[in-house]
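One structure below.
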Amino acid sequence: MFDVEVAVHAAAGIPRGKLWPAIVAQSEEAQDDGLFDDEAGVKEWLATNYDDIMKEGQRRLQKAAAAYEKKKAAQDVITKARAAGQKAEARALPAANREAELVASLG
């Protein structure tokens, strides 16, 4: 078996960047599906399917970005809730200290 990532890069001249992992994944899937099994096959597959490969790469990239944003938004909610809780505790601390001092002075 040959290195499909190297073959894709050599055949397409696609620069490595944000789309690269999605393109390599598609090429590995195509190889696993038996669409090609050598470098000549990679070249033919890329030439025949270039537009579809790039569109699918963009779709996968957008899907990953949306999932990241959703996870980040959920984490932001948790972070804000923790911060609000910590602020409430900090505001309550002086009153609790005063109460403890009062109890100690009476006791």
Side-chain angles (χ1 to χ4, degrees):
M1 185 173 260
F2 66 101
D3 187 339
V4 71
E5 182 175 353
V6 172
V8 168
H9 184 61
I14 299 168
R16 294 190 173 158
K18 290 182 178 183
L19 281 179
W20 184 251
I23 293 168
V24 170
Q26 289 179 78
S27 64
E28 290 172 345
E29 291 163 9
Q31 182 184 26
D32 290 346
D33 291 345
L35 299 178
F36 58 81
D37 59 4
D38 58 11
E39 290 188 40
V42 170
K43 289 179 183 179
E44 182 180 340
W45 176 76
L46 283 167
T48 304
N49 300 292
Y50 184 83
D51 290 339
D52 291 337
I53 292 166
M54 298 307 284
K55 286 178 188 173
E56 177 62 14
Q58 284 289 345
R59 187 195 69 75
R60 291 181 185 196
L61 183 61
Q62 289 170 350
K63 182 179 178 183
Y68 169 78
E69 289 300 322
K70 183 177 179 180
K71 184 176 180 179
K72 184 178 178 304
Q75 188 61 44
D76 288 348
V77 168
I78 292 168
T79 300
K80 286 179 184 177
R82 282 187 186 146
Q86 289 170 349
K87 285 180 184 177
E89 287 175 11
R91 284 191 298 270
L93 188 59
N97 286 339
R98 282 192 304 272
E99 186 177 329
E101 288 172 5
L102 180 61
V103 169
S105 69
L106 295 174

Report task. Evaluate the criterion salt bridge (charged side-chain N to carboxylate O under 4.0 Å, His left out) for residue pair K55 and D51; output intermediate values, then yes/no. Result -> CA-CA 6 Å; K55 286 178 188 173; D51 290 339; over 6 Å; no
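Smallest separation of non-hydrogen atoms from F36 and S27: CZ-O, 3.2 Å.
Within the model, atoms NZ of K72 and OG1 of T79 stand 9.0 Å from one another, a figure rounded to the nearest 0.5 Å. Distance OG1/T48 to NZ/K43: 13.5 Å, rounded to 0.5 Å. Separation of atoms CZ (R59) and CG (D52) is listed at 12.5 Å; rounding is to 0.5 Å. To the nearest 0.5 Å, the span separating CG on N49 from CD on E44 amounts to 9.0 Å.
Judged as a side-chain contact (heavy atoms from CB on, under 4.5 Å), and not counting sequence neighbours, the contacts of Q58 are L19, L61, Q62. For R60, the side chain to side chain donor-acceptor pair (under 3.5 Å) partners at least two apart in sequence or on another chain are E29, E56.
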